Amino acid sequence: MSIPAASPKSDALAALYWRSEILQVMYWLRGEGFGDVVDPGLIERFLGVDAAIGMTYLDRLVDEGYLVRDGDWYALSEFGLERGAREFQEAFADLTKPTHGECSDDCWCHASVDEAEACIAQRLGHDHDHA
Amino acid sequence: MPEKTTTMPENSDGLPRRFLPGFLLLSLERDGTSYGYELYETVRSLGLSVDLAAVYRALRTMQQRELVTSEWVASLAGPDRRLYSLTDTGRRGARAAATELAAVRDGLVDALEYFRAPDISRT
């Protein structure tokens, strides 16, 4: 399991994308009564991102103050909770929703110049799955 | 030495997982609105062997495809919860899912009748 094809390729947007995805999972699980603690394996199961890659984004969220780390586990911080799921969702709605493109509805190629360049570079270097 | 018995692989998974989106759409059509874990319990009770992550991913995909919509609902007793409901497109999807499931049911009934009936050409 690796990075899902629908995720952005440029580092800047990828960081925003995964911040949104991870926090949404954590808010969702918390709302459903499963607490607010996750590990990379759970992130892999819920988001389809490789656990090792997911862990880098989890650590990034720790650095940004959204999460706190306790060994292998990550929990929402007070700051992360304060932001609230609704506010977060509104703030990043435009960034996390793919726009129209000739590849597919899910492709980020036309979300920004950075994305287009990153996508072209990736396609030149690898087989690119425009799922 | 006794001959090894060839056994069919055990299928403890219940109904095929490909039915998950259809079951979610039909559950929402039936109940109007539902929380994620309620939907998970419903599809599990109907025989789908799926985990919560699969339900989450399906709901996310269905929301991206504008089949369902969701809102965070504040709760005084606990954390906010995400409440799902169908869009107009989702309602059409639910009808399509019902038609597909009925076709599967009819196909299975036909197949079972075929297998149960004696093959008179061999007698």
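Chain naming here is simple, since letters A, B, ... match the order of the sequence lines and numbering starts at 1 in each. Just the heavy atoms: all of them, side chains too, but no hydrogens, waters or symmetry mates, feed the values below. Source: prediction; values computed, not measured.
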| message | Can you tell me if D72(A) has over 12 outside heavy atoms packed within less than 6.0 Å of its CG? | response | no
| Atom pair OH/CH2 of Y27(A) and W72(B) - distance to nearest 0.5 Å | 8.5 Å
| message | Please determine whether the number of non-hydrogen atoms from other residues, nucleotides or ligands lying under 6.0 Å from atom CG of D106(B) exceeds 12. | response | yes
| What pair of heavy atoms forms the shortest contact from R45(A) to A53(B), and how long is it? | O-CB, 3.4 Å
| message | Please check: side-chain N/O of R81(B) versus main-chain N/O of G31(A), any donor-acceptor pairing under 3.5 Å? | response | yes
| field | Contact origin within L29(A) toward chain B - heavy atom pairs under 4.5 Å | value | side chain
| query | Got W28(A) and L52(B) here, is their nearest side-chain heavy-atom distance under 4.5 Å? | reply | yes
| said: A side-chain contact here means heavy atoms from C-beta on lying under 4.5 Å apart; do R57(B) and F46(A) qualify? | reply: no
| said: Would a single hydrophobic cluster contain both L58(A) and V68(A), if residues Ile, Leu, Val, Met, Phe, Trp and Tyr are joined by side-chain heavy-atom contacts under 4.5 Å? | reply: no
| task | Could you state whether V38(A) and F34(A) fall into the same hydrophobic cluster, counting links through intermediate Ile, Leu, Val, Met, Phe, Trp or Tyr residues with side-chain heavy atoms under 4.5 angstrom apart? | result | yes
| said: Would you say V37(A) ends up clustered with Y37(B) if hydrophobic residues are merged whenever their side chains have heavy atoms under 4.5 Å apart, either directly or through other cluster members? | reply: no
| Taking C-beta and beyond as the side chain, do Q24(A) and R82(B) meet within less than 4.5 Å on heavy atoms? | yes
| task | Kindly indicate whether the side chain of V25(A), heavy atoms from C-beta on, has any atom under 4.5 Å from the side chain of Y56(B). | result | yes
| query | Just wondering, are more than 12 heavy atoms of other shown residues or ligands nearer than 6.0 Å to CZ in R60(A)? | reply | no
